[in-house]
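Here's the structure we're looking at; comments come further down.
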Number of protein chains: 2
Amino acid sequence: MGATKREHFTDKQNAIATLAKALGHPARVAIMDYLLKVDACICGDIVTELPLAQPTVSQHLKELKNTGLIKGNIEGNTICYFIDEKALDKL
Amino acid sequence: MGATKREHFTDKQNAIATLAKALGHPARVAIMDYLLKVDACICGDIVTELPLAQPTVSQHLKELKNTGLIKGNIEGNTICYFIDEKALDKL
DNA sequence: TATTGATATTGCACTATTACGATAAATATT
DNA sequence: AATATTTATCGTAATAGTGCAATATCAATA
């Protein structure tokens, strides 16, 4: 074994667990903190802000995006990330 | 690599992440659900309630206890688990 | 005290997560 | 078009988490 048995739990329990898991890493908490503070920013700012390499940050951003906590707008060369207020309400 | 670089983040960010991580598994959400519903119960009830083997449940209970979300009173042969209201307030 | 019952711990197999260098992809600039 | 800039993806090493059978522990009871 080794994999979480999600199918044995309710949708609501899985939904809460998924949201909680997304915030279960300090880097992702730090990203949310930062986005709350600056309202919206480009990805590069977050990479500068965090003590992690760019690919690692990109990976964390992807996870936050996948759980719907943040969204990203492509603006030419850069990507503007911001918190999805709807998702934030769930918390 | 592979381990979370906790030392690079603030205490608050790590504290939030630790709490969130504890709730980042549906089994642990289910345990909290159950304890909220019945107020307090003995460990065996949780094992019966969950679709997981006893050692696995015991492990999840340990994690919840370690993060301070629940507490356990030894009552003779059994252990009575209940939610720590103080910890719940943090959420 | 031998047995039963409840919970915890150990040991192990398996899967998932974290981190980062290298590199790709795509737009902007020269 | 060539180059620089920004972000994503790939590949991979290291660590962490999940689940369970077997077993240990410890109180209750026969």
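Residue numbers begin at 1 in each chain, while the letters A, B, ... track the order of the sequences. Not measured: the values here are computed from a predicted model.
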Which part of the nucleic acid, if any, lies within contact of [X], taking any heavy atom under 4.0 Å across all strands shown: a base, the sugar-phosphate backbone alone, or nothing?
X     : answer
A:E75 : nothing
A:T78 : sugar-phosphate
B:L52 : sugar-phosphate

In whole Å, what is the span from the [atom1] atom of [X] to the [atom2] atom of [N]?
X     : N      : atom1 : atom2 : value
A:N77 : C:dA25 : CG    : P     : 16 Å
B:N73 : D:dA27 : CG    : P     : 15 Å
A:K62 : D:dT9  : NZ    : P     : 5 Å
A:H25 : D:dG17 : NE2   : P     : 10 Å
B:N66 : D:dA16 : CG    : P     : 15 Å
A:L64 : C:dT17 : CG    : P     : 14 Å

Problem - A:V38 and A:D45, any side-chain heavy atoms less than 4.5 Å apart - result: no
Handout entry: Position toward the 5' end of DNA chain C (nearest nucleotide), B:Y81 or A:R28
Key = B:Y81
Completion exercise
Note: for A:Q59 and A:G76 on DNA chain C, the residue whose nearest nucleotide lies more 5' is A:Q59
Practice task
Following the transitive rule for hydrophobic clusters with a side-chain heavy-atom cut-off under 4.5 Å over Ile, Leu, Val, Met, Phe, Trp and Tyr, establish whether B:L52 and B:I46 coincide in one cluster.
Solution key: yes
Among [options], the nucleotide that comes nearest once only the side chain of [X] is considered:
X     : options                : answer
A:A53 : C:dC20, C:dA26, C:dA19 : C:dC20
A:T56 : D:dG19, D:dA28, C:dC20 : C:dC20
A:P55 : D:dT7, D:dA28, D:dT9   : D:dT9
A:K21 : D:dT9, D:dG19, C:dA16  : C:dA16
A:K5  : D:dG19, D:dA16, C:dA19 : D:dG19
A:T4  : D:dT7, D:dT18, C:dT27  : D:dT18
A:A3  : C:dT15, D:dT7, C:dA8   : C:dT15

Exercise for the section: Decide yes or no, distance alone: a donor-acceptor N/O pair under 3.5 angstrom between the base of D:dA8 and the side-chain of A:Q54. Expected result: yes
Handout entry: Which residue lies more 5' along DNA chain D, comparing A:K65 with A:R6 via nearest heavy atoms
Key = A:K65
Problem - Identified side chain to side chain contact (heavy atoms under 4.5 Å, CB included) counterpart of A:I31 within the set A:H60, A:E63, A:H25 - result: A:H60
Handout entry: Atom CG of B:D11 with >12 non-hydrogen neighbours under 6.0 angstrom
Key = no
Practice task
Ignoring backbone atoms, test whether A:H60 places a side-chain nitrogen or oxygen under 4.0 Å from the OP1 or OP2 oxygen of C:dA19.
Solution key: yes
Practice task
Check for a donor-acceptor pair, side chain of B:S58 on one end and backbone N or O of B:Q54 on the other, with a separation under 3.5 Å.
Solution key: no
